[in-house]
Amino acid sequence: MTNVLFVCLGNICRSPMAEAIFKDLVAKAGLQDQIQVDSCATSSEEEGHQPHPGARKVMAAHGLDYSYMHSRPITRQDFDWADYIITMDSQNMFNLNQMAPPEDRPKIHLCLDILPDKRGQEIPDPWYTHRFEYTYQVLQSALPAWLDKIKAH
Ligand code: 4NP
């Protein structure tokens with residue numbers, strides 16, 4: 001079993017969309033029994049909340065299920081559980097590297113680092129841009145490469 005955890009600041013915009021997209025990719029590849037997917041927040045600001053209405057609208061438009069999702073902050077057990085911790089921006093990277101037990105720090109990655117021509121770039125935060133569909137498209141451009149990498153291991 002490989003466990004993949006998507007993390008952003010609030011767990012209501014970017015990481016829920018990443019979780020839904022990646023679960024769909026895993027299901028389409030028939031790998032549900034081998035890859036588990038979850039998401040969480042670096043902050044407890046939005047704890048208990050459903051995804052943002054803009055994220056819900058985009059996920060619904062793409063046929064993705066978000067009905068079970070509620071924001072939650074990352075815990076010590078998440079660092080242990082996850083094999084891949086995929087983050088959206090450099091602030092997430094900084095915060096998680098501060099929080100993570102040292103042995104779990106190598107699990108923490110920046111989402112767009114998987115694409116050679118997008119290394120070091122951030123997933124735009126629709127909380128600020130209001131461009132939920134664009135963020136969905138950027139995630140959709142990167143996540144198949146993460147599945148390829150995980151399958152290769
Ligand atoms: P997310 O977006 O990290 O992609 O879920 C945000 C959600 C909430 C806040 C900022 C970004 N906030 O400041 O509460």
Side-chain angles (χ1 to χ4, degrees), residues 2-28 35-101 104-115 117-150:
T2 302
N3 298 328
V4 182
L5 183 65
F6 292 99
V7 185
C8 64
L9 176 61
N11 191 213
I12 58 167
C13 298
R14 295 163 295 174
S15 62
M17 288 200 279
E19 177 186 348
I21 293 167
F22 204 71
K23 276 187 175 151
D24 188 54
L25 292 170
V26 166
K28 284 177 173 151
I35 301 175
Q36 290 192 313
V37 187
D38 199 358
S39 70
C40 63
T42 57
S43 88
S44 51
E45 194 74 28
E46 300 285 347
E47 188 167 4
H49 294 171
Q50 282 191 293
H52 187 288
R56 300 206 306 256
K57 188 174 165 193
V58 167
M59 287 189 274
H62 292 278
L64 302 175
D65 181 23
Y66 58 79
S67 57
Y68 60 91
M69 291 180 172
H70 297 280
S71 172
R72 66 176 187 87
I74 194 164
T75 66
R76 173 74 204 233
Q77 294 95 287
D78 288 307
F79 288 109
D80 185 44
W81 175 82
D83 298 293
Y84 292 85
I85 299 172
I86 302 178
T87 74
M88 303 297 137
D89 63 33
S90 51
Q91 186 193 13
N92 303 153
M93 289 293 291
F94 178 83
N95 290 335
L96 290 172
N97 275 299
Q98 298 266 307
M99 295 175 195
D104 294 323
R105 284 185 197 140
K107 299 173 174 178
I108 304 169
H109 307 278
L110 191 61
C111 187
L112 286 176
D113 276 357
I114 197 76
L115 299 179
D117 60 336
K118 297 241 174 91
R119 244 174 235 150
Q121 294 184 27
E122 305 190 333
I123 303 289
D125 189 348
W127 174 265
Y128 303 107
T129 67
H130 308 296
R131 297 176 66 199
F132 287 89
E133 174 64 25
Y134 178 63
T135 292
Y136 173 93
Q137 296 297 337
V138 176
L139 287 165
Q140 183 68 56
S141 75
L143 294 180
W146 279 107
L147 184 58
D148 287 344
K149 182 188 170 83
I150 291 164

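Both counts, for ligands and for their atoms, begin at 1 and track the order of listing.
When the side chain to side chain contact (heavy atoms under 4.5 Å, CB included) test is applied to K107, the partners found at least two apart in sequence or on another chain are I85, D104. For the side chain to side chain contact (heavy atoms under 4.5 Å, CB included) test, residues two or more places apart in sequence or in another chain that qualify with N97 are M93, R105, I108.
Near ligand 1, C8, L9, G10, N11, I12, C13, R14, E45, E46, D125, W127, Y128 each place a heavy atom less than 4.0 angstrom from the ligand.
Without hydrogens or angle criteria, N95 side chain to N92 main chain gives no donor-acceptor distance under 3.5 Å.
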Please tabulate, one pair per line, all N/O donor-acceptor pairs under 3.5 Å involving side-chain atoms of residues 10-23, not counting sequence neighbours.
{"unit_1": "N11", "atom_1": "OD1", "unit_2": "R72", "atom_2": "N", "d": "3.1"}
{"unit_1": "N11", "atom_1": "ND2", "unit_2": "S15", "atom_2": "OG", "d": "2.9"}
{"unit_1": "N11", "atom_1": "ND2", "unit_2": "S39", "atom_2": "OG", "d": "2.9"}
{"unit_1": "R14", "atom_1": "NH1", "unit_2": "D89", "atom_2": "OD2", "d": "2.8"}
{"unit_1": "R14", "atom_1": "NH2", "unit_2": "D125", "atom_2": "OD2", "d": "3.3"}
{"unit_1": "E19", "atom_1": "OE1", "unit_2": "S39", "atom_2": "N", "d": "3.4"}
{"unit_1": "E19", "atom_1": "OE1", "unit_2": "S39", "atom_2": "OG", "d": "2.7"}
{"unit_1": "E19", "atom_1": "OE2", "unit_2": "K23", "atom_2": "NZ", "d": "2.5"}
{"unit_1": "E19", "atom_1": "OE2", "unit_2": "Y68", "atom_2": "OH", "d": "3.2"}
{"unit_1": "K23", "atom_1": "NZ", "unit_2": "Y68", "atom_2": "OH", "d": "2.9"}

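L5 places a side-chain heavy atom less than 4.5 Å from the side chain of I74. Under the 4.5 Å side-chain criterion, counting only non-hydrogen atoms from C-beta, Y136 is in contact with H62.
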